Amino acid sequence: HRGDDFTQVLRNQDLQQIGRTVLGTAATSISVSIPPKRFLKIFISWGAKTGVSNDFLRFNNISTGEAYTFINSGAAARTSRNEIDVRDAANLALGGFTVIEVANNLSSIVKPVTIHTVDRITSAATAQTFYQIFGTFVNTTLPITRIDLVSSDADTYPVNTELLVFSSKE
C-alpha cells in the first residue's frame with residue numbers, strides 16, 4: 001500500500017509469511033513451527049500419496065485428549081476428535097490443495113478453524129471435488145505454534161509437498 005491516507009494501518013494488515021516447510025523426501029507428515037500470532041492463514045499443497053489414507057490437521061502436535069471438533073458442510077458433526085480431517089474421511093490417494101484460516105489464536109480461548117480443500121485432479125474431464133470444513137481447536141491453554149498435516153496410514157506425501165503460514169504484522 002502506497003497511499004497517503006491510512007498507509008501504516010493498511011501495511012499492518014498485509015499478510016507476511018511466518019512459516020514454510022517443503023518436503024525434500026517423501027514422508028507421512030509435514031509440519032512447521034511458527035511464532036504465536038492472532039490470525040493465521042495456512043496453505044497446504046500436496047501431490048498424489050503412495051496410497052489411500054485420510055489427511056489429518058493437528059495443532060501443537062496434539063493428537064490426544066479429544067482436542068478437536070469439526071463438521072463438513074452438510075454432513076454430520078464430528079466431536080471429541082484427536083484431529084481435524086481436511087477431507088472428512090474421503091480416504092483418498094489424490095493430492096490436494098487446502099486453505100485454512102484460524103481466528104483468535106489466543107491461549108485463553110478456543111480457536112475457530114475454517115478449511116477449504118479441493119482434490120488435485122489430473123484431467124479436465126474429471127469432476128472436481130471440494131470440502132468445506134468448519135472446526136474448533138478446543139485448547140484454552142496454548143496459542144497455535146505448530147501445524148501438522150499427517151497421513152492416517154503409512155502412505156506418504158510426495159517430495160515438494162508444501163506447508164505455508166501467513167499472518168498480519170499486528
Side-chain angles (χ1 to χ4, degrees), residues 13-34 37 39-63 66-103 105 111-138 144-168:
Q13 295 175 12
D14 286 348
L15 291 179
Q16 314 177 32
Q17 182 178 304
I18 60 170
R20 178 176 186 251
T21 299
V22 178
L23 289 182
T25 59
T28 58
S29 67
I30 184 171
S31 65
V32 65
S33 294
I34 58 168
K37 293 286 191 173
F39 301 101
L40 304 174
K41 189 160 198 129
I42 304 160
F43 298 91
I44 308 173
S45 178
W46 68 97
K49 295 180 289 186
T50 56
V52 174
S53 62
N54 293 315
D55 305 293
F56 295 150
L57 176 68
R58 295 181 180 147
F59 298 118
N60 296 347
N61 202 28
I62 296 174
S63 60
E66 302 175 340
Y68 309 88
T69 183
F70 68 94
I71 186 168
N72 186 0
S73 182
R78 313 280 192 248
T79 59
S80 301
R81 303 297 293 228
N82 296 327
E83 67 276 315
I84 296 174
D85 189 336
V86 301
R87 292 195 275 198
D88 195 20
N91 210 21
L92 296 171
L94 288 174
F97 180 75
T98 298
V99 178
I100 303 163
E101 294 176 305
V102 178
N105 182 28
K111 291 94 178 134
V113 181
T114 59
I115 303 169
H116 299 277
T117 301
V118 294
D119 288 337
R120 184 172 280 181
I121 57 174
T122 57
S123 165
T126 304
Q128 184 65 65
T129 308
F130 69 94
Y131 311 87
Q132 296 178 113
I133 308 288
F134 306 93
T136 304
F137 178 43
V138 194
I144 295 167
T145 57
R146 178 175 161 167
I147 297 134
D148 297 271
L149 181 69
V150 180
S151 174
S152 64
D153 294 322
D155 303 307
T156 59
Y157 295 103
V159 170
N160 293 325
T161 294
E162 186 170 20
L163 195 160
L164 288 161
V165 184
F166 292 84
S167 186
S168 58

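Owing to the predicted nature of the structure, the values given are computational and were not obtained by experimental measurement.
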*Asks:* How long is the straight-line distance from CZ of F43 back to CD1 of I100, given to the nearest 0.5 Å?
*Replies:* 10.0 Å

*Asks:* Hey, is the main chain of S53 close enough, under 3.5 Å, to the side chain of D153 for a donor-acceptor pair?
*Replies:* no

*Asks:* What are the two closest non-hydrogen atoms of V159 and T25, and how far apart are they?
*Replies:* CG2-CA, 3.7 Å

*Asks:* Which atom pair, heavy atoms only, marks the closest approach of N60 to T145?
*Replies:* OD1-N, 2.7 Å

*Asks:* Does some side-chain heavy atom of W46 sit less than 4.5 Å from a side-chain heavy atom of I30?
*Replies:* no

*Asks:* Are side-chain heavy atoms of E83 and V150 found at a separation under 4.5 Å?
*Replies:*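 No, their side chains stay 4.5 Å or more apart.
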
*Asks:* Looking only at non-hydrogen atoms, find the nearest pair between L92 and Y131 and report the distance.
*Replies:*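 Shortest heavy-atom separation between L92 and Y131 comes out as CD1-OH, 3.5 Å.
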
*Asks:* Ignoring hydrogens and geometry, is there a side-chain-to-backbone donor-acceptor pair from T136 to Y68 under 3.5 Å?
*Replies:* no

*Asks:* Kindly say whether S31 contributes a backbone atom to a donor-acceptor pair with the side chain of D148 at under 3.5 angstrom?
*Replies:*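 Answer holds: no.
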
*Asks:* Which atom names give the shortest non-hydrogen contact between D155 and T50, and what distance separates them?
*Replies:* CA-OG1, 3.3 Å

*Asks:* Measuring from atom CZ of F134 to atom CD of E101, what distance do you get when rounded to the nearest 0.5 angstrom?
*Replies:*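 Nearest 0.5 Å value for the CZ-CD distance: 10.5 Å.
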
*Asks:* Report the C-alpha distance between T117 and I133 in whole Å, list the side-chain angles of each, state the deciding distance to 0.1 Å, and finish with yes or no for side chain to side chain contact (heavy atoms under 4.5 Å, CB included).
*Replies:* CA-CA 8 Å; T117 301; I133 308 288; 5.7 Å; no

*Asks:* Measuring from I144:CD1 to I42:CD1, what's the distance to the nearest 0.5 Å?
*Replies:* 6.5 Å

*Asks:* CD of Q132 to CD1 of I115: how many Å apart, nearest 0.5 Å?
*Replies:*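 If I round to the nearest 0.5 Å, the distance is 11.5 Å.
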
*Asks:* Using a 4.5 Å cut-off on heavy atoms from C-beta on, say whether the side chain of Q17 contacts that of V165.
*Replies:* no

*Asks:* Which residue in the set T98, N54, D119, N72 passes side-chain hydrogen bond (donor to acceptor under 3.5 Å, both in side chains) when paired with R87?
*Replies:*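 Output: one option passes, namely D119.
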
*Asks:* Which heavy atom in F39 sits nearest to a heavy atom in A103, and how many Å separate them?
*Replies:*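 For F39 versus A103, the nearest heavy atoms are CD2-CA, 3.9 Å.
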
*Asks:* If I take atom OG1 from residue T28 and atom CG from residue L149, how far apart are they, to the nearest 0.5 angstrom?
*Replies:* 10.0 Å

*Asks:* Considering only NZ, NE, NH1 and NH2 on the basic side and carboxylate oxygens on the acidic side, decide whether K49 and D55 come within less than 4.0 Å.
*Replies:* yes

*Asks:* If you compare all heavy atoms of S167 against all heavy atoms of L40, which two are closest, and at what distance to 0.1 Å?
*Replies:* CB-CD2, 4.5 Å

*Asks:* Roughly how far, to the nearest 0.5 Å, is the OG1 atom of T156 from the CG atom of L23?
*Replies:*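 Nearest 0.5 Å value for the CG-OG1 distance: 9.0 Å.
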
*Asks:* Considering only heavy atoms from C-beta outward, does the side chain of R120 approach that of S45 to under 4.5 Å?
*Replies:* yes

*Asks:* Can you tell me how the ring of F59 sits relative to the ring of F137, calling it parallel under 30°, perpendicular over 60° and tilted otherwise?
*Replies:* tilted

